[in-house]
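Heads up: the structure comes next, in structure tokens.
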Amino acid sequence: MAKSNQTVKGVKTKEKGYIRLFVQIFFFTLVGLIVINHALEESGKGISWLSSASLHAICPFGGVVSIYKFVTTGMFVKKIHESSFVLMFIMFILAVGFGPLFCGWICPLGSFQEWFGKIGKKIFKKRYNNFIPNKYDKYLRYLRYGMLALIIYKTATLGYLVFWNFDPYYTLFNFWTGEVAIGGLIVLGIIILASLFVERPWCKYLCPYGALLGIFNTFRIFKIKRNPSTCISCGACDRACPMNITVSKSRVVRNHQCISCLKCTSEYACPVAGTVQFATKGGE
Ligand code: SF4
Ligand code: SF4
């Protein structure tokens, strides 16, 4: 009986894993199509039903770096549009409810690192994502806040998209257009290489937008909660977490690095039903 229950959980877990994968593929494809269409528009061959917006126009972080200029001059930073502001607010509302859902489910660069990292997982198995000693790693995780502050300050004082010069997200989707900066190519190359050893290296250490959304983990409405009374201390939740968060030691995950991927929950990794949940109540 126990074996049959495990089998049923295994199948359901797989199905639920596919839901997230489907969402990630959907957004990756959508962004790819929008970028290709934008390039085709310039030669009059665009797909009429698809948005002709550029990648900048559909980037919510563009809204964040434009706030200062918009408040002080009523204008956007060059290449940024109203749509970035709208997306920025939508992502903030989502984050108040569910944390950095954008990072775990939508961001194509996050998905790309995750998919590429599967090669590293195959090569290094259990050692994958565990190469950097915790005594250094725990401080390195705050680098992305320095990055966030630097980009906002530089964009505000210089008045243009300084991040564009080394933006791996822009580079990933535009490397074929010849419109990318050498800095972006170098950063993307380093991320691809690092993904073979560390899961989501950009998200963990340098992403300024992930840093901002991570703050919402401290007060979000739906949280990752663990019930210590049913926990069997197997550590499966810790091993499943791409961001190396020790879920097995928390009642409520408030870590700024959580990306709301749900991999640690009883729907996925935790073998005890109802022990790790994505919920509003209990555990605190
Ligand atoms: S596995 Fe859990 S704790 Fe880790 S990032 Fe995903 S949702 Fe957050
Ligand atoms: S996977 Fe579930 S049972 Fe195992 S340590 Fe984590 S919370 Fe406890």
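Just so you know, these numbers use all the heavy atoms, side chains as well, and skip hydrogens, waters and symmetry mates. Just so you know, residue 1 is the first one in the sequence shown, and it goes up from there. In each ligand, atom 1 is the first atom listed, and ligand 1 is the first ligand listed.
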Looking only at protein heavy atoms, identify the closest one to atom 5 (S) of ligand 2 and say how far it is in Å. Gly235 N, 3.1 Å

Cys261 backbone or side-chain N/O/S under 2.8 Å from atom 4 (Fe) of ligand 1: no

Taking 2.8 Å as the cut-off, does an N/O/S atom of Cys237 lie below it from atom 2 (Fe) of ligand 2? no

Sole residue of Tyr145, Phe102, Phe92 in ring pair (Phe, Tyr, Trp, His ring centres under 6.0 Å) with Tyr209: Phe102

Distance to 0.1 Å, residue and atom name: give those for the protein heavy atom nearest to atom 7 (S) of ligand 1. Leu262 N, 3.3 Å

Per-atom filter on ligand 1: closer than 4.0 angstrom to a heavy atom of Val247 are 3 (S)

Is it the case that Ser248 and Asp238 place a side-chain donor and acceptor less than 3.5 Å from each other? yes

Tell me, please: is Ala269 in heavy-atom contact with ligand 2, that is, under 4.0 Å? no

Name the option, out of Cys264, Pro242, Cys241, that contains the heavy atom nearest to atom 2 (Fe) of ligand 1. Cys264

For Glu199, which of Met243, Lys118, Lys121 qualifies under side chain to side chain contact (heavy atoms under 4.5 Å, CB included)? Lys121

Look at atom 3 (S) of ligand 2 and find which of Ile232, Asn227, Thr230, Val276 reaches it with the closest heavy atom. Ile232

Taking the ring centre of each residue, are Phe216 and His256 less than 6.0 Å apart? no

Nearest-neighbour protein heavy atom for atom 4 (Fe) of ligand 2, which is reported as residue plus atom name and distance: Cys234 SG, 2.3 Å

Using a 4.0 Å heavy-atom cut-off, which part of Ser266 comes near ligand 2: side chain, backbone, both, or neither? neither

Looking only at protein heavy atoms, which one is nearest to atom 8 (Fe) of ligand 1, and what is the separation? Cys258 SG, 2.3 Å

